[in-house]
Asker: 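Attaching a single structure in structure tokens format; questions to follow.
The model shown is predicted, which means the values in this text are computed figures rather than measured ones.
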Amino acid sequence: MANRILLIEDDRSTADYIANGLREEGFLVDHAANGRDGLFHATDGSYDCIILDRMLPGMDGMAALAAIRAAGITSPVLILSALSSPEDRVAGLTSGSDDYLTKPFVFAELLARVRLLIRRGGMTTNAPQTKLVCDDLEMDLLAHRVRRAGKAIDLQPREYRLLEFLLQHVDQVVTRTMLLEGVWDFHFDPNTNVTDVHISRLRKKIDEGFARPLLHTVRGSGYKLGIEK
């Protein structure tokens, strides 16, 4: 039986892009173009995942989310928003959502997050994800802090975003194109080695001096964060 998705998004082109992509992947998608209609649909309680924009007419996304949770709806919620500061992401994650993805986004990443939330079955609804972990490497999204084996690791803002992206794709091969889009917001090839330079700097900080490396180069493909088996 196909999973049901509720998409609450006021921008028609964005909504069509997401809905069509999800339907091609076999999902059943209902769309609401404002917060009030989205809340009305959500209270049905039968959705496997809700994708929610923050800036909506009628009722903004955060108010709609609060009302959804107040109604006892436990469907996992993925906030999709152009508000991308650390404070915005933390506010979303601590207000009842299960995940937060910033615009512009890559559809493949949106799809992966939706599938992950559905697999979790809404178990994280009452405990929003505030930490990303790979072995003994841990990122605290609320404190904006990174530690490995208990040792604090000081990262520059771009290095932090790069590690956050990799931690969201543990044990997956991440291509340079994915990094350029997800970390640098480049939707073209700038013909530079910017990703390689930052990966090298990040590797020195999170791997050197520790028992085993976590950040690996996959020749001809990209990079992977995880334990080599």
Asker: Do you know the tightest heavy-atom contact between Cys49 and Leu117?
Answerer: SG-CD1, 4.1 Å
Asker: May I ask whether Ile227 and Leu166 are part of the same hydrophobic cluster, defined by side-chain heavy atoms of I, L, V, M, F, W, Y residues being less than 4.5 angstrom apart, directly or through others?
Answerer: yes
Asker: Does any part of the side chain of Phe27, heavy atoms only, come nearer than 4.5 Å to the side chain of Leu111, both counted from C-beta?
Answerer: yes
Asker: For the pair Arg147 and Ile153, evaluate side-chain contact (heavy atoms from CB on, under 4.5 Å) and give the outcome as yes or no after the intermediate values.
Answerer: CA-CA 5 Å; Arg147 293 182 180 275; Ile153 298 176; over 6 Å; no
Asker: Is it the case that the side chains of Tyr17 and Asp11 hold a donor-acceptor pair, with the cut-off being a distance below 3.5 Å and no angle test?
Answerer: no
Asker: Hey, does Lys151 have a side-chain heavy atom less than 4.5 Å from the side chain of Arg148?
Answerer: no
Asker: Please check if any side-chain donor atom of Arg89 sits under 3.5 Å from a side-chain acceptor atom of Ser81, or the reverse.
Answerer: no
Asker: Salt bridge or not between Glu25 and Arg115? Use side-chain N to carboxylate O under 4.0 Å.
Answerer: yes
Asker: Salt bridge check, Arg54 against Glu9: does any charged N sit closer than 4.0 Å to a carboxylate O?
Answerer: no
Asker: Go through it in stages, so that I can follow the logic: the residues are Leu56 and Ile8, the test is side-chain contact (heavy atoms from CB on, under 4.5 Å), and I'd like the CA-CA distance, side-chain angles, deciding distance and then a yes or no.
Answerer: CA-CA 8 Å; Leu56 293 167; Ile8 310 174; 3.6 Å; yes
Asker: How close do Asn34 and Pro57 get, counting heavy atoms only, and between which atoms?
Answerer: CB-O, 3.2 Å
Asker: If you look at every heavy atom in Leu52 and Gly61, which pair is closest and at what distance?
Answerer: CD2-O, 3.4 Å
Asker: Do Arg176 and Glu181 sit within salt-bridge range, that is, some charged N less than 4.0 Å from a carboxylate O?
Answerer: no
Asker: Decide yes or no for Leu141 and Tyr100: does some side-chain heavy atom of the first lie under 4.5 Å from some side-chain heavy atom of the second?
Answerer: no
Asker: For the residue pair Asp10 and Met55, establish whether any side-chain heavy-atom pair is separated by less than 4.5 Å.
Answerer: no
Asker: Between Val133 and Leu167, which heavy-atom pair has the shortest distance, and what is it?
Answerer: C-CD2, 4.0 Å
Asker: I'd like to check Lys131 versus Glu138 (side-chain heavy atoms, cut-off strictly below 4.5 Å). Are they in contact?
Answerer: yes
Asker: Answer yes if the side chains of Arg4 and Tyr47 hold a donor-acceptor pair under 3.5 Å, and no otherwise.
Answerer: yes
Asker: Would you mind listing the cluster partners of Leu142? Hydrophobic ones only (ILVMFWY), side-chain contacts under 4.5 Å, chaining allowed.
Answerer: Val90
Asker: With heavy-atom distances below 4.5 Å as the criterion, would you say the side chains of Arg145 and Met139 are in contact?
Answerer: no
Asker: Is there a path from Phe107 to Val29 through hydrophobic residues (I, L, V, M, F, W, Y) whose side chains come within less than 4.5 Å of each other?
Answerer: yes
Asker: How long is the straight-line distance from CG of Leu137 back to CG of Leu225, given to the nearest 0.5 Å?
Answerer: 6.5 Å
Asker: Who pairs with His216 by ring-ring contact (aromatic ring centres under 6.0 Å, His included), at least two apart in sequence or on another chain?
Answerer: none
Asker: Mind checking the CG-NZ spacing from Leu110 to Lys103? Nearest 0.5 Å is all I need.
Answerer: 10.5 Å
Asker: Applying side-chain contact (heavy atoms from CB on, under 4.5 Å), run through Leu65 and Ser97 and close with a yes or a no.
Answerer: CA-CA 7 Å; Leu65 176 59; Ser97 77; 4.0 Å; yes
Asker: Report the C-alpha distance between Arg12 and His31 in whole Å, list the side-chain angles of each, state the deciding distance to 0.1 Å, and finish with yes or no for side-chain contact (heavy atoms from CB on, under 4.5 Å).
Answerer: CA-CA 10 Å; Arg12 171 54 65 178; His31 172 235; 3.9 Å; yes
Asker: For Asp88 and Ser85, which I'm curious about, is there any donor-acceptor pair between the side chains at under 3.5 Å?
Answerer: yes
Asker: Arg36 and Gly58: which non-hydrogen atoms are nearest, and at how many Å?
Answerer: NE-O, 3.5 Å
Asker: Report the residues that fulfil ring-ring contact (aromatic ring centres under 6.0 Å, His included) with His169, sequence neighbours left out, ordered by chain and then residue number.
Answerer: Phe165
Asker: Given Asp98, which partner from the list Arg69, Arg119, Arg113 fulfils the salt bridge (Lys or Arg N to Asp or Glu O under 4.0 Å) test?
Answerer: Arg69
Asker: CG of Asn193 to CD1 of Ile199: how many Å apart, nearest 0.5 Å?
Answerer: 12.0 Å
Asker: Less than 4.0 angstrom from a charged side-chain N to a carboxylate O is my criterion; do Lys205 and Asp154 meet it?
Answerer: no
Asker: Ignoring hydrogens, what is the shortest heavy-atom contact between Asp171 and Gly226? Give both atom names and the distance.
Answerer: OD1-CA, 3.5 Å
Asker: Can you tell me how far OG1 of Thr74 sits from CD1 of Ile68, rounded to the nearest 0.5 angstrom?
Answerer: 11.5 Å
Asker: With a 4.5 Å heavy-atom cut-off, do Val114 and Ile5 have their side chains touching?
Answerer: yes
Asker: Can you confirm whether Ile79 sits close enough to Met62 that some side-chain heavy atom of one is under 4.5 Å from a side-chain heavy atom of the other?
Answerer: yes
